[in-house]
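Here the structure is laid out as structure tokens; the discussion comes afterwards.
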Amino acid sequence: MMSQLRSSGATVMTVREVQDMFRTDLEQGLKSEEARRRLVVHGPNNFDIAVEDPLWRKYLDQFNNPLILLLLASAGISLFMRQFDDAISITVVGKTFLFFHASKGFHFLMEYRSEKSLEALTKLVPPKCHCIRDGHLMTFLAQDLVPGDIIHIGVGDRVPADIRLFEASGLSIDESSFTGEIEPVNKQTDVQALSMLSNLSERRNMAFMGTLVRCGQGKGIVIGTGQDSEFGEIFKMMQAEEAPKTPLQKSMDTLGKQLSFYSFLVIGIIVIIGWIQGRKILDMFTIGVSLAVAAIPEGLPIVVTVTLAIGVMRMAKRKAIIKKLPVVETLGCVDVICCDKTGTLTKNEMTVTHIITSEHYHGELSGVGYNTPGDLRIIEASSMVDTEECMDSFRKIIEIGCVCNNAELTTDGLMGSPTEGALLGAASKLKLLNPRQQYVRDQEWPFSSDTKIMAVRCHHYLDKKQSYIFVKGAIERVLSRCAYYQKNGTAEDLSDEHRDAFNEESLHLGQTGLRVLGMAYGKDMTSLVFAGMVGIMDPPREGSRQAILMLIGMGVKVKMLTGDGEDTAKAVAARVGLYAEGGTTMSGDLLDDMDISQLAKVIDNVSIFYRVTPRHKLKIVKALQSNHHIVGMTGDGVNDAVALKTAEIGISMGKTGTDVSKEAADMILVDDDLGTVLAAIEEGKGIFYNIKNFVRFQLSTSMAALSLVAIAMVMRLPNPLNAMQILWINIIMDGPPAQSLGVEPVDHDVLRQPPRKLSENIITRSLIISTMSSAFIIITGTLWVFHKEMEDGKVTPRDTTMTFTCFVFFDMFNALSCRSYSKSIFQIGLLSNKMFLYAVGGSIVGQLLVIYLPPLQQIFQTEALYASDFALLISLTSTVFVFAEIRKFFIRRHENSKLHQRESLFYPENMV
């Protein structure tokens, strides 16, 4: 049995060689018996999706991290130790489990979705196909195709497998979802040279699985099915690539291990010291368990989940769909964004932007896209020229382009070639009401790669005797058929000087990245009248330049990836602010000659990659990652899917994106606006700072609680807090006040900060200094109250109540100061976070109930305090807030001095 053939091999083989290799007949096709035998060997023409783990296993996997396992162990010990009042003990343990399960369940529900990207790829295989079997043309399921089958394709068909064409009549195939190039590829059947092998779009005698037939019809031999097709290569690459772990997930793993290790270390030391001092081992173990429950940050997973979930909801309002929670925060770390050109930086709608008449009148058309209104602005014409006569010349060029045209503009979009759609759009802007309706087509010469022109013979619907030929195509081919040129409505002889002038104008348009088409008309194909030319481009999206300049100003590098040629790539990049004269570009051919390590050495200096394939995009992303970059990849086609999945952040277009790209991506831009990425980055940075604020509060409180008990042990003092009071403090530390720090509104100034470095840990030197200073104030103040109240040498309920309430009030003021690291509470607004106000108010009410409600007094060993006691405690505990405000003032001065140095790079209006 023969092996399946790659397109690179089939391109350089004759039809006869391919036919002999697959032992098939171009007229009769395969026999049914032989087809069944080949189906057993090669398998069905589809993609095998691996069976996923069951839902219950996915859920249990959520528990597989050190922090959660330690939390479960801590909760288990608390449940086992029934030395406290049973009801309170079970409530505390229940709180731990409830918060934990609520957070993990919510996180799980938010993140759980099957791996749809591979399933979406299978949609590219059409359900049915037209194939010759046993000498008859049949229609059957495309999954039953085998190598050697003879298939027919026509307008509107999706190609069911990789085929080597042996017939192509005006065949034009849209390969944009595969190669990224917007213009359909005109197919032919001749053998091609080895030089054409590197670029899929240049393999003109091949039709690839999943691509769409736009014009004409063809026949071919199936050379590759399923995973042995070119799309199969993408499928296998997607299966091989695993989505990387996000920086936040890595930071949380490290933080959980660090906090748990140091907490248990301190708790162990406290228990050993107490045991050495001769204290009751059961009492010490009880205190140890209480401290473990208080010190282990079970609130951290909750805060992270809730903060990320709120970020997801905020982003949805800003027209960005986030598919996985940790992705939101990862956006704050992105320092390189690889942008696919077509559909991301550009509108993916070809537009006529320039018209040059045979009289050398130059005009520019405004309006982007097929159906957008626009006007003609004449930029080069003598003031002596009659304006209406000038406009007639412009209209004549577009009229030719519309008559010699097979596209249709409908309410659902364009049907046909994007280039022809651009000409129809130009007619609308020039107020030409469908010129095609004025003519009846008698004959058509379709565009081919040999002639590089399209021509039609028509007669006016009012005059059947008089016929005309309308021609459009490559300007050098059109001029070669012209003997005249139009001048003020009459035909003048076309001299060599005129030809040179027209070619020079065409060259000038081409150097600006425009596709140039020449237009001519006449009665004979060898003596046409040249009317002029149009320049067509896929224009940049509105706002894409501003978004890119802002990204660069923030310290994010932007790189453009495209399947187009170098001139087009440079022209588009220059328009969006990515390229200046002398900039570095790299071709797909050069990428083929480099491995990832070689590419990594030069990639930071390259801003444009042209003639790239899906494999090239994957190599680019991996080279950037090897340089420790956090990569965001934007795209809309199937050819982008592998890179989208591999990058830390895959960003798909919502309107123009294919199902495959949307499912492979982590984020979908609903409005296809690159500026939405800026909002996402802002949200990502804000989320990280909110989580950091929670950690600052959690650490300072845990540090104070552990140190308070440890110091009392070392100084042989009675415990200033009993077990139940420690557990109540834990509820406050991990409960509503702490949780509300995670929903702090995003500070818009975070956009002015550079991307967070991957190596940057949540626990930094500045955070440790901040937490230690706050903890020192809390410990000192609480010990002072404890010592003051215990002047008689005995520990009474009043003593512990004053100490306990002092610590709780310190916690509340500390939480208030932790709402922002550098901004004063009066800058961010005392009332801006209503959840925080409710949470703190609720905690204070809870503390008052613990102090004044008799049943709770019995459980927590407290007694009622006087108003003067509260006046003393509030004046004392507010010092932690005052100190924080003073510290923030100096931090702001330092940060502002650094930001002023970067200010000119940030604001786009200051950029050139």
Side-chain angles (χ1 to χ4, degrees), residues 172 181-186 350-365 376 379-381 393-407 417-427 430 444-456 468-487 491-522 524-538 564-568 571:
S172 179
E181 296 186 32
I182 186 172
E183 194 62 30
V185 178
N186 297 295
M350 298 296 281
T351 304
V352 174
T353 59
H354 290 73
I355 308 176
I356 300 178
T357 70
S358 52
E359 298 95 341
H360 303 289
Y361 304 151
H362 288 221
E364 284 187 353
L365 268 179
L376 178 70
I379 57 176
E380 286 187 32
S393 297
F394 286 117
R395 290 192 185 101
K396 183 64 178 179
I397 294 172
I398 302 302
E399 179 186 35
I400 295 169
C402 290
V403 175
C404 187
N405 194 312
N406 290 320
S417 162
T419 297
E420 293 186 341
L423 293 168
L424 297 180
L430 291 179
E444 176 184 344
W445 292 270
F447 182 92
S448 72
S449 56
D450 293 329
T451 63
K452 293 188 177 179
I453 63 168
M454 174 185 177
V456 293
Y468 300 90
I469 295 175
F470 297 95
V471 179
K472 76 173 192 300
I475 192 164
E476 66 276 6
R477 297 297 181 91
V478 172
L479 282 171
S480 68
R481 296 174 179 271
C482 293
Y484 309 97
Y485 75 99
Q486 180 176 274
K487 185 176 182 181
E492 301 282 341
D493 289 338
L494 182 66
S495 65
D496 290 339
E497 290 79 7
H498 290 126
R499 293 179 192 274
D500 292 340
F502 293 138
N503 281 321
E504 187 175 340
E505 287 175 324
S506 171
L507 180 63
H508 175 72
L509 289 180
Q511 288 174 339
T512 63
L514 299 178
R515 183 182 183 194
V516 183
L517 289 182
M519 307 290 176
Y521 66 96
D524 192 304
M525 283 288 284
T526 59
S527 57
L528 298 171
V529 179
F530 182 71
M533 67 191 81
V534 296
I536 303 175
M537 67 175 293
D538 182 10
D564 287 331
E566 183 175 15
D567 289 340
T568 301

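Formation of a donor-acceptor pair under 3.5 Å by the Ser527 side chain with backbone atoms of Ala483 is not found in this model. Between the side chain of Asn405 and the main chain of Glu420, a donor-acceptor pair closer than 3.5 Å is present. Between the Thr351 side chain and the Thr353 main chain, no donor and acceptor come within less than 3.5 Å of each other. Between the Arg499 side chain and the Leu479 main chain, a donor and an acceptor come within less than 3.5 Å of each other.
In this structure, Glu476 does not pair ionically with Lys452, as no charged nitrogen and carboxylate oxygen lie closer than 4.0 Å.
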Verdict with supporting geometry, Ser393 and Glu359, side-chain hydrogen bond (donor to acceptor under 3.5 Å, both in side chains): CA-CA 8 Å; Ser393 297; Glu359 298 95 341; 3.1 Å; yes
His354 vs Leu365, side-chain contact (heavy atoms from CB on, under 4.5 Å): CA-CA, chis, key distance, verdict: CA-CA 6 Å; His354 290 73; Leu365 268 179; over 6 Å; no
Steps toward side-chain contact (heavy atoms from CB on, under 4.5 Å) verdict (Ile355, Ile398): CA-CA 9 Å; Ile355 308 176; Ile398 302 302; 3.9 Å; yes
Worked verdict on Val478 versus Phe530 for side-chain contact (heavy atoms from CB on, under 4.5 Å): CA-CA 8 Å; Val478 172; Phe530 182 71; 4.2 Å; yes
Criterion side-chain contact (heavy atoms from CB on, under 4.5 Å) on Phe394 and Leu376, from CA distance to verdict: CA-CA 9 Å; Phe394 286 117; Leu376 178 70; 3.5 Å; yes
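Here the NZ atom belonging to Lys487 is positioned 12.5 Å from the CG atom belonging to Leu494, to the nearest 0.5 angstrom. Here CG of Asn186 is found 11.0 Å from CE of Met454. Values are rounded to the nearest 0.5 Å. Here the CE-SG distance, from Met525 to Cys482, works out to 10.0 Å after rounding to the nearest 0.5 Å. In this structure, the separation between CG on Leu423 and CD on Glu399 is 12.5 Å, given to the nearest 0.5 Å. With values rounded to the nearest 0.5 angstrom, Ile356 atom CD1 is found 8.5 Å from Ser506 atom OG. Distance check, rounded to the nearest 0.5 Å: CZ of Phe447 to CD1 of Ile453 gives 9.0 Å.
Between Trp445 and Thr451, every side-chain heavy-atom pair lies at or beyond the 4.5 Å cut-off. Counting only heavy atoms from C-beta outward, the side chains of Glu505 and His362 approach each other to under 4.5 Å. Contact of the Val529 side chain with the Tyr485 side chain is not registered, since no non-hydrogen atoms from C-beta on lie closer than 4.5 Å. Residues Ser172 and Pro446 have side chains not in contact (no heavy-atom distance under 4.5 Å, counting atoms from C-beta outward). For the pair Val516 and Val534, the minimum side-chain heavy-atom distance is 4.5 Å or more.
For the pair Lys396 and Tyr521, the cation-pi criterion (under 6.0 Å, within 45° of the ring axis) is fulfilled.
Taking each heavy atom of Glu444 and Asn406 in turn, the nearest pair found is OE2-ND2, 3.1 Å. Of all heavy-atom pairs spanning Ile400 and Ala531, the tightest one is CD1-CB, 3.7 Å. Minimum interatomic distance between Ile469 and Val471 (heavy atoms only, all atoms of both residues): CG2-CG2, 3.7 Å.
When only modelled atom types and interatomic distance are considered, Arg515 and Thr419 share a side-chain donor-acceptor pair under 3.5 Å.
Aromatic rings from His360 and Phe502 are positioned such that their centres are separated by under 6.0 Å.
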